[in-house]
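Worksheet: the structure to be examined is printed underneath.
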Amino acid sequence: MEIVAEKKPKNDERKAVRVSGAEALILSLEHEGVTTIFGYPGGAIMPVYDALFDHQENIHHILMRHEQGAVHAAQGFARASGRVGVVFATSGPGATNLITGIADAMIDSTPVVCITGNVFSPLLGTDAFQETDVVGISMPVTKWNHQVTSAEEIPDAIAKAFYIAKSGRPGPVLVDITKDAQVNEFDFSYKTCEGIRSYHPVPALDNDKLKEAADLINKAKRPFVLFGQGIILSHAENELKAFIEKTGIPAAWTLLGLSALPTNHPLNVGMLGMHGNYGPNFLSNESDVVIAVGMRFDDRVTGKVSEYLNNSKVIHMDIDPSEINKIIHADVPVLGDAKESLSALTALVNENSHEEWIQRFRDCDKKEHEKVIKNELFPTAGVLTMGEVIRIMSENAKSDAIIVTDVGQHQMVTSRYSKFVKSKSSITSGGLGTMGFCLPAAIGARFGAPERQVIGVIGDGGFQMTIQELGTIFQTDIELKILILNNHYLGMVRQWQQLFFDKRYSATEMVNPDFQTIARGYGIESKKIEKREDLESGIKEFLNFKGSYLLEVVVGKENNVFPMVPAGCSVAEIRLE
C-alpha cells in the first residue's frame, strides 16, 4: 500500500517557478540541505546530471567507480555525519548494482536516499534497453520506494523520501524517475514533509511500562545493560552514560553500538557477540535483569536462542515495534526514542552500585587477558598478529579518528582492540556483513566528517572486491589511510574450515597482486611491512603522512580470532582457544 503524504500547508512552501523535472529534483535536494552526492551517470539519468551541472557550487558530486561503491560511500557519509546519504544511478545495471548496498543500509538502519533514472514511461514493461523493475527488486530491502512517472510528482516524492529515510528507525529509500518525468516541465514549488498519514515513526512513551522497568532495575542484584546503534542514531550517548552512572550497572555493546560509550569508561565491560569479550558473553545468562537499548538481539549476540537469558527479566527499549518479541521475549517492552526513554527511566531509578557483580566481569577480563589478549597484543616472537597491528595503530591515531572496517577477522580484531572516546568513530557492515564495504564507506566518511582522520582497516580479500574505488581517491585527492591486514586467506572462512571442517581449506587461499604497484598507479603512497621491528615506525609514518596512504601489513596466515562462540552454542560455551 502506498504511503500518502498529508496535504497540509507548509510554512516553507516556495513560490512556483517553471522548470524541468530534472531541475526540480536538484532544487528539491538543495532544499533538503544536500551538499554531497555519490553516483555514476548513465543514459536514463542523464537529464539529472545535466541539471546538476549548473549547481556545482552548492552540491558536490563524487564520481564513484561502481554503483555499489556509491551506496557504501553514502552509508559511510551518513554514519560519520549523522545526515542522509544521497546516491544517483542510472537504470538497468546501474540500478541493480545498488541493491547490495541498499540491503546493507536497511539491516543496519542507515538513512540513504537512492535516486535512479529509468526509461520513458511508455516503455516500462517492454524490456527496453537498460530497463529493469528496480522498484520491485528493491522493495524487500527499502524502507520505502516509489516510481515517479510525471514531473509534477518529483517534489513530493523527494520530500517524503527524506522524511521517511531519517525519521524513526532510519533506513534506505529509493525514488525511481522515468526519463519523461525528468525532461518535462511544470511549475515547481517545494514543501518539506512533516508527517505521513498512518506512519508514526516515534511511538509515544508508556509511563506505566517505564515504572515497571524502573521497579525491576531497582530490585535487581545482577543487572546488565546491552546497548546498540540505537544509542547513536537517537543521539542518546549522554543519556546512556547518565543512566549507567546513576544505577552503577555494567554495560556491553553490540558491534554497531561501538563508540557510543567510551571504551575506557569504568562501566563499559566490552563487546557482545560471537567474537566479543569473554565476560559479557559468559555472564549474560547470570544476569537477573537485562536492559536492552537500541539493539535487536541479532543471532551473533544471542548464540543459541533457547539457552539465552533464561534466568533474566528482559526490558527491551526500542523505537521499532517489530523488534519487540521478535527473537527474545520482553518482560517489559518500552517503545520510544532511546534518548527520551533513557532520560525518563533515569529519573525513576535509584542511585546504586553493583561492585561484586562488576568484579565478576573484571575477573573474566583477567582470564581473557591471560588466555588471549596478552599473546595477541604483545607477542614477543613469531609472525605478526592483527591484534598488535591494531593496538599500535590505535595508540598512534588521533583520538577522534574514525575507523572503518570491512568484514572478517580484521573487523573483529579492530572492534575488540581499538580505543574510542567519541561517538560515530566506528563504521562497519554489521547485519549484512558485506565484504567490499570498507574502502567506499571510508571515502564517504571522509566527506561526511572532513575534519576527522579516517582510517580504513581491510583484509586482502575484501579490498579486492571494491579496489576500483582507489580511482575515486585519486580523482578527489582526499586524505585517507588504508590499512590492509594481509593473511593471504579469506581469513574468517578459513578459521571456520580449520575449526569445524578438519582444515579442509577449500577455495579460501588468496594469491594476491602487488598492492604497492596498484596503489602507485593511483598516485597513492604505499608501503609493505613484514617484520616486527618495522611495524611501529611504519604505522607512525602511515598515520602522519600528508595525503592518502596504503599500508600493507603481512600477518600470520593461520592466526585465529578468539574468544569465539561456536555456531549453535550457548554464549556460556564461549571458547578462549
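Just the heavy atoms: all of them, side chains too, but no hydrogens, waters or symmetry mates, feed the values below.
Phe88 and His61 have tilted rings, their planes meeting at an angle from 30° to 60° on a 0 to 90° scale. Ring orientation note: the planes of Phe500 and Trp496 are nearly perpendicular, at an angle over 60° on the 30°/60° scale.
The main-chain N or O of Ile177 is found under 3.5 Å from a side-chain atom of Gln182 such that the two form a donor-acceptor pair. The backbone N or O of Ile390 lies less than 3.5 Å from no partner atom in the side chain of Ser394, so there is not a single donor-acceptor pair. Under a 3.5 Å cut-off, the side chain of His275 and the backbone N or O of Val561 do form a donor-acceptor pair. Glu541 places no side-chain N or O within 3.5 Å of a backbone atom of Gly538 that could act as its donor or acceptor partner. Of the possible donor and acceptor atoms, none in the side chain of Asn512 sits under 3.5 Å from a partner among the backbone N and O of His488. Although no hydrogens or angles enter the test, the distance criterion places no donor-acceptor pair under 3.5 Å between the side chain of Ser109 and the main chain of Arg169. A donor-acceptor pair under 3.5 Å links the side-chain atoms of Arg532 to the main chain of Val383, judged by distance alone. Judged purely by atom type and a 3.5 angstrom limit, Arg494 uses its side chain to pair as donor or acceptor with the backbone of Lys557. Checking side-chain atoms of Gln464 against main-chain N and O of Asp460 turns up a donor-acceptor pair under 3.5 Å. Looking only at distances, a side-chain donor or acceptor of Asp406 sits under 3.5 Å from a matching main-chain atom of Cys438.
The shortest side-chain heavy-atom distance between Arg446 and Thr476 does not fall under the 4.5 Å cut-off. Side-chain contact between Val457 and Leu485: present, with at least one pair of heavy atoms (C-beta onward) separated by less than 4.5 Å. Considering only heavy atoms from C-beta on, Ile473 stays 4.5 Å or farther from Tyr522 through its side chain. For the pair Leu63/Pro41, a side-chain contact is recorded, criterion being any heavy-atom separation below 4.5 Å from C-beta on. The closest side-chain heavy-atom distance from Thr142 to Val173 is not below 4.5 Å. Taking the side chain as every heavy atom from C-beta outward, Asn560 and Gln409 approach each other to under 4.5 Å. With contacts defined as side-chain heavy-atom distances shorter than 4.5 Å, the pair Asn145/Met139 qualifies. Between Phe515 and Ile482 there is no side-chain heavy-atom pair separated by less than 4.5 Å.
The structure places NZ of Lys481 at 7.0 Å from CZ of Phe542, a figure rounded to the nearest 0.5 Å. Rounding to the nearest 0.5 angstrom, the gap separating the CD atom in Glu558 from the CG atom in Asn487 is 10.0 Å. For the atom pair CG of Leu483 and CD1 of Ile458, the computed distance is 10.0 Å after rounding to the nearest 0.5 Å.
Annotation: Phe545, atom CZ; neighbour count of heavy atoms from other residues, nucleotides and ligands within 6.0 Å is above 12. Crowding of Glu57 atom CD: a count of heavy atoms from other residues, nucleotides or ligands under 6.0 Å not exceeding 12. Remark: Tyr417 OH is packed, more than 12 non-hydrogen atoms of other residues, nucleotides or ligands lying under 6.0 Å away.
Neither side chain, Asp108 nor Gln229, offers a donor N or O lying under 3.5 Å from an acceptor on the other. Side-chain polar atoms of Gln516 and Ser526 form a donor-acceptor pair below 3.5 angstrom. In the model, Asn268 has no side-chain atom that pairs as donor or acceptor with a side-chain atom of Thr263 under 3.5 Å. A donor and an acceptor atom, one from each side chain of Thr385 and Asn559, are nowhere located under 3.5 Å apart. Side-chain contact, His66 with Gln468: no donor N or O sits under 3.5 Å from an acceptor N or O. Between the side chains of Ser425 and Ser259, no donor-acceptor pair is found at a separation under 3.5 Å. Of the N and O atoms on the side chains of Thr35 and Arg83, at least one donor lies less than 3.5 Å from an acceptor on the other residue.
Of all heavy-atom pairs between Phe463 and Leu439, the closest is CE1-CD2, 4.0 Å. What you find for Leu29 and Ile37 is that their closest heavy atoms are CD1-CD1, 3.9 Å. For Arg416 against Val372, the heavy-atom pair with the smallest separation is NH2-CG1, 4.2 Å. Considering every non-hydrogen atom in both Thr428 and Arg79, the closest pair reads O-NH2, 2.9 Å. In terms of heavy-atom proximity, Val86 sits nearest to Val34 at CG2-CG2, 3.8 Å. The shortest heavy-atom contact between Ser429 and Gly433 is OG-N, 3.2 Å.
Evaluation of the side-chain hydrogen bond (donor to acceptor under 3.5 Å, both in side chains) rule for Glu376 yields no partner, not counting sequence neighbours.
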- Item | Evaluation steps, side chain to side chain contact (heavy atoms under 4.5 Å, CB included), between Ile403 and Ser426 | CA-CA 5 Å; Ile403 299 178; Ser426 174; 5.8 Å; no
- Item | Tyr489 vs Gln497, side-chain hydrogen bond (donor to acceptor under 3.5 Å, both in side chains): CA-CA, chis, key distance, verdict | CA-CA 11 Å; Tyr489 272 103; Gln497 288 174 333; over 6 Å; no
- Can Glu30 and Ile59 be said to form a side chain to side chain contact (heavy atoms under 4.5 Å, CB included), step by step? CA-CA 8 Å; Glu30 286 184 341; Ile59 297 180; 3.8 Å; yes
- Are Val48 and Ile115 close enough, and set up right, to give a side chain to side chain contact (heavy atoms under 4.5 Å, CB included), and what steps lead you there? CA-CA 10 Å; Val48 170; Ile115 297 165; 5.8 Å; no
- Query: What's the verdict on side chain to side chain contact (heavy atoms under 4.5 Å, CB included) for Lys422 and Arg452, showing C-alpha distance, side-chain angles and the deciding distance?
  - Reply: CA-CA 11 Å; Lys422 184 173 181 177; Arg452 298 174 69 180; 3.9 Å; yes
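For the pairing with Ile427, the side-chain contact (heavy atoms from CB on, under 4.5 Å) check across Val404, Thr110, Val454 returns one residue only, Val404.
A salt bridge is absent between Asp400 and Lys398; no separation between the charged side-chain nitrogens and carboxylate oxygens falls under 4.0 Å.
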